[in-house]
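What you see is a predicted model; the values in this text were computed from it and never measured.
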Amino acid sequence: MKIFLADTEATLRLGITLGESLTPGSVILLEGDLGAGKTTLVQGIGKGLGIAEPIVSPTFTLINEYTEGRFPLYHLDLYRLEPQEVATLNLESYWEGVEVIPGIVAVEWAERLPYKPDSYLSVSLTYGHEGTRQVEITPFNYAISKVNPCGEFKIQNSRIEARPG
């Protein structure tokens with residue numbers, strides 16, 4: 001499904017909706033050019049989880065863990081890595097909840113993952129005209145069942161729809 005995002009605030013609101021609706025164990029694989037809105041979306045997810053700490057891209061640290069929300073947010077950024085380097089990191093421990101408390105795992109530059117979890121949301125962000133963005137969200141073996149009662153997005157039955165304005 002494709003959603004038009006008028007500005008950065010709309011990207012943030014979509015992230016908030018996701019953060020309010022997703023459950024522990026959810027994995028979001030983010031793709032898009034530099035500046036397309038991946039980190040902004042993750043910042044919104046953090047707000048939706050009730051995380052007050054500023055969320056920044058972990059480009060140099062690779063992984064930022066935010067644990068004070070309803071449940072943890074694990075924010076990974078693979079920009080600086082090659083797929084063979086990513087393979088050695090054992091990242092599946094985050095989405096399998098083996099060594100960490102289950103939470104939401106958001107992976108920027110997910111196209112560098114040499115392997116993927118069994119279920120996830122693929123989120124692709126692209127530029128539009130005059131600061132607009134388009135996001136395409138594709139669930140893989142993943143069901144979203146909650147509805148956000150306010151805001152401009154409705155999440156239900158594995159679909160995210162823009163509400164009529």
Side-chain angles (χ1 to χ4, degrees), residues 1-3 5-32 36-79 86 89-110 113 115-125 133 135-163:
M1 156 207 333
K2 294 182 181 181
I3 300 172
L5 301 168
D7 53 23
T8 301
E9 184 61 33
T11 305
L12 192 66
R13 283 194 313 269
L14 175 60
I16 291 169
T17 299
L18 288 169
E20 291 171 342
S21 304
L22 297 174
T23 58
S26 298
V27 180
I28 303 160
L29 302 183
L30 297 145
E31 297 182 11
K38 297 178 298 294
T39 299
T40 301
L41 189 72
V42 176
Q43 290 169 339
I45 291 169
K47 286 180 184 272
L49 288 171
I51 296 170
E53 183 180 348
I55 293 174
V56 295
S57 181
T59 301
F60 296 100
T61 58
L62 302 181
I63 302 168
N64 286 341
E65 299 182 0
Y66 304 93
T67 58
E68 81 276 1
R70 286 184 296 120
F71 43 84
L73 171 62
Y74 304 108
H75 185 190
L76 292 68
D77 187 327
L78 307 179
Y79 178 70
V86 175
L89 295 177
N90 224 15
L91 297 178
E92 63 272 10
S93 64
Y94 281 94
W95 54 75
E96 292 173 357
V98 175
E99 298 174 8
V100 296
I101 298 168
I104 292 178
V105 180
V107 183
E108 293 191 39
W109 300 95
L113 275 174
Y115 51 83
K116 293 183 179 171
D118 292 335
S119 69
Y120 59 93
L121 287 176
S122 174
V123 177
S124 177
L125 291 131
R133 303 284 189 270
V135 62
E136 184 170 4
I137 301 174
T138 308
F140 289 89
N141 296 320
Y142 190 90
I144 302 173
S145 59
K146 292 190 176 188
V147 176
N148 180 23
C150 56
E152 64 186 89
F153 304 102
K154 177 173 76 171
I155 301 178
Q156 187 171 17
N157 299 326
S158 300
R159 294 194 343 253
I160 300 176
E161 302 170 347
R163 291 183 188 232

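- When side chains are defined from C-beta on, I63 counts as touching Y94, because their heavy atoms get closer than 4.5 Å.
- Classified by interplanar angle (parallel below 30°, tilted 30° to 60°, perpendicular above 60°), the ring pair Y79/W109 is tilted.
- Residue L30 comes nearest to A106 through the heavy atom pair CD1-CB, 4.2 Å, listed as atom of the first residue, atom of the second, then distance.
- Atom CZ of R13 sits about 12.5 Å away from atom CG of L41, to the nearest 0.5 Å.
- In this structure, S57 and D77 approach most closely via the heavy-atom pair OG-OD2, 2.7 Å.
- Atom CZ in R133 sits 15.0 Å away from atom CD1 in I3 (nearest 0.5 Å).
- Considering S26, S122, S119 in turn, S26 is the only one that fulfils the side chain to side chain donor-acceptor pair (under 3.5 Å) rule with Y142.
- Counting heavy atoms from C-beta on, the side chains of L78 and L91 come closer than 4.5 Å.
- Once rounded to the nearest 0.5 Å, the distance linking OH of Y74 with OG1 of T67 reads 7.5 Å.
- Between L14 and I137, the closest side-chain pair of non-hydrogen atoms falls below 4.5 Å.
- Expressed to the nearest 0.5 Å, how far CG of D118 lies from CZ of F140 amounts to 13.0 Å.
- Test V27, T23, I28 against I104 for side-chain contact (heavy atoms from CB on, under 4.5 Å) and you get one pass: I28.
- Summarising the geometry of E20 relative to R70, their closest heavy-atom pair is CA-NH2, 3.6 Å, with the distance given to 0.1 Å.
- Here NE2 of H75 is found 3.5 Å from CD of E108. Values are rounded to the nearest 0.5 Å.
- For the pair T11 and V135, the minimum side-chain heavy-atom distance is 4.5 Å or more.
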ask   = Given the rule in the side chain to side chain contact (heavy atoms under 4.5 Å, CB included) test, do T40 and L125 qualify, once you have shown the distances and angles that lead to the verdict?
value = CA-CA 11 Å; T40 301; L125 291 131; over 6 Å; no

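- For F71 against G103, the heavy-atom pair with the smallest separation is CD1-CA, 4.0 Å.
- Between P117 and L29 there is a side-chain heavy-atom pair separated by less than 4.5 Å.
- Pairing each heavy atom of P102 with each of P72, the nearest pair is O-CD, 3.5 Å.
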What side-chain donor-acceptor pairs closer than 3.5 Å can you find for residues 42-50, not counting sequence neighbours?
residue : atom : partner : partner atom : Å
Q43     : NE2  : I55     : O            : 2.8

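- Checking side-chain atoms of E68 against main-chain N and O of E53 turns up a donor-acceptor pair under 3.5 Å.
- With sequence neighbours left out, E92 forms a side chain to side chain donor-acceptor pair (under 3.5 Å) with Y115.
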